[in-house]
Amino acid sequence: MPDSASAWQLIISGDATLYAIVRLSLAVSLSAVVIAVIVGLPLGAILALTRFRGRTALIVLLNGFMGLPPVVVGLTVFLLLSRSGPLGMFGLLFTPAAMVIAQSLLVVPIIAALTRQTVEDLWHEYRDELLALNVSPAGRVATLLWDSRFSLVTALLAGFGRAAAEVGTVMIVGGNINGFTRTMTTTIALETSKGDLPLAMGLGLILIAIILMINAAAWGVRTWSEQKAG
Amino acid sequence: MRDMSSDLPLRFEEVTLRFGPTTVLDRVSLAIRPGAPTLVVGPNGSGKTTLLRLCMGLATPTEGRISWGGRHALSPGKIAMLFQRPVMLRRSVAENVLYGLARSDLPRKARIARMKQALERVGLPDLANRPARRLSGGEQQRVALARALAREPELLLLDEPTANLDPAATRAVEDIVRIAAQSGIKIVMASHDLGQVRRLAGDVMFLVRGALREHAAAADFFDRPSTTEAASFVRGDLVI
Ligand SMILES: Nc1ncnc2c1ncn2[C@@H]1O[C@H](COP(=O)(O)OP(=O)(O)OP(=O)(O)O)[C@@H](O)[C@H]1O
Ligand SMILES: [Mg+2]
């Protein structure tokens, strides 16, 4: 397999194009996860601890959005950001920023839904004790988030995994522009169709390694937390 | 600053609590005053836990009123409760006890000293660094007792605190209750153990199917029960 040999060569020799693509992919997906955490954690906690009309519908919607097709999210963000769209004046389409926005839309439901579930379960368990200890609403949220931190890290890793592996949104809103918005997944798609297999396979190997590391980390966090916190 | 208002006497005026169609407490009137421990007895499902939860303000009466020291709201930090099923936070034993003190105005050093002292009182000084959820049921119950004691409440509600404990631990908890009561903490405690009720009670409340059938000094309750149900309960017969 001469192709896979040259794929390894690209990785080992520290090929500039390859690593620029990896760097951009990681930067985009990490930024998306950070934004999703900032939005998703409070959203999940509020949904877990409050009761209002339409709450159940919102939870069902959120759970459904966990499986949102990336291409549809990509299309939606494309329409919003395109020159004639409502957010067109910012000129974000076909930039890394657009990819971050689109990916965070993919990840927010995952983090919010898993946070909601975890915090609500823990609240049922802690409720009497926290009320008896006269803990303020803000203190309750802090306690519940802190005590579910290991499950939340798992949710975060799941979100990152989804962002890093998807191709649909970044292809549509990033435009796959060489050296600017080309990510691991879009490059693999493009190079494979062009027949340039070494770069595609090199990126594929790195992507698989990253996904494996994320799952190993999630596994490790779970085992470690079970030992530590019970 | 701790405010000096007291939550005692704690009064129920014709308190009724319903969950849907079921009446769990039925027009209960009572007063809990400072003094020797008040023991709450009655068959399973008679409403003991519910009564304690109302005292703690964790449930609101469907009808009737509850007042704490004449006010219709309880003052924060003066009441502590030990639940029938203890709730352990996902933290170490020490952190569980410290958590109960987080809202006090004590400096950190004093809190740690109190935590250690409380764990010693319940006989668990060696478990401070263990994850609390990994302890046995009886150990968890004692951690929860330490958390409640460390707060030095004015009123301590104990829901069957010795139900899961071995004889030695049971005796230790009874000693703790006795000492706490002597130091001026008012204890209200649910129990199924009539021997324990005899040993600890100043007065006894006897519940049957949500109704308060007797509230009498312990000696009167055991020697001159005024209802046939109480008489057979004291004899150890079934009360339905
Ligand atoms: N949230 C609730 N919804 C419906 N019924 C309830 C609820 N809480 C308590 N009950 C009912 O109220 C009755 C009294 O319950 P409670 O827990 O106060 O009894 P108890 O005297 O503490 O019993 P035990 O000796 O078993 O601890 C029970 O029949 C119970 O099923
Ligand atoms: Mg009970």
**Asked** If you look at every heavy atom in A:A132 and B:F83, which pair is closest and at what distance?
**Response**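 What the structure gives for the nearest pair is CB-CZ, 4.0 Å.
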
**Distance-minimising heavy-atom pair for A:Y126 and B:M88** = CE1-O, 3.9 Å

**Item:** Flag if over 12 foreign heavy atoms under 6.0 Å of CZ, B:R65
**Value:**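 No, because the 6.0 Å sphere around CZ of B:R65 holds 12 heavy atoms or fewer from other groups.
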
**Request:** Decide if atom CZ of B:R108 counts as having more than 12 heavy atoms of other residues, nucleotides or ligands within a radius under 6.0 Å.
**Result:**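 Atom CZ in B:R108 is not packed in, count stays at 12 or less.
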
**Item:** Region of B:R147 in contact with chain A, defined by heavy-atom distances below 4.5 Å
**Value:** side chain

**Item:** Toward chain A, the part of B:L157 with a non-hydrogen atom under 4.5 Å
**Value:**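 Contact with chain A is absent: no heavy atom of B:L157 under 4.5 Å.
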
**Request:** Dump the intermediate steps for side-chain contact (heavy atoms from CB on, under 4.5 Å) on B:R53 and A:L131, then the final yes or no.
**Result:** CA-CA 11 Å; B:R53 288 172 52 86; A:L131 292 180; over 6 Å; no

**Item:** Gap separating the CD atom of B:Q84 from the CG atom of A:D128, nearest 0.5 angstrom
**Value:** 11.5 Å

**Message:** Quick check for you: to the nearest 0.5 Å, what is the distance between A:L130 atom CG and B:L89 atom CG?
**Reply:** 6.5 Å

**Asked** Based on non-hydrogen pairs under 4.5 Å, which of B:R130, B:M56, B:R103 is most in contact with chain A?
**Response** B:R103

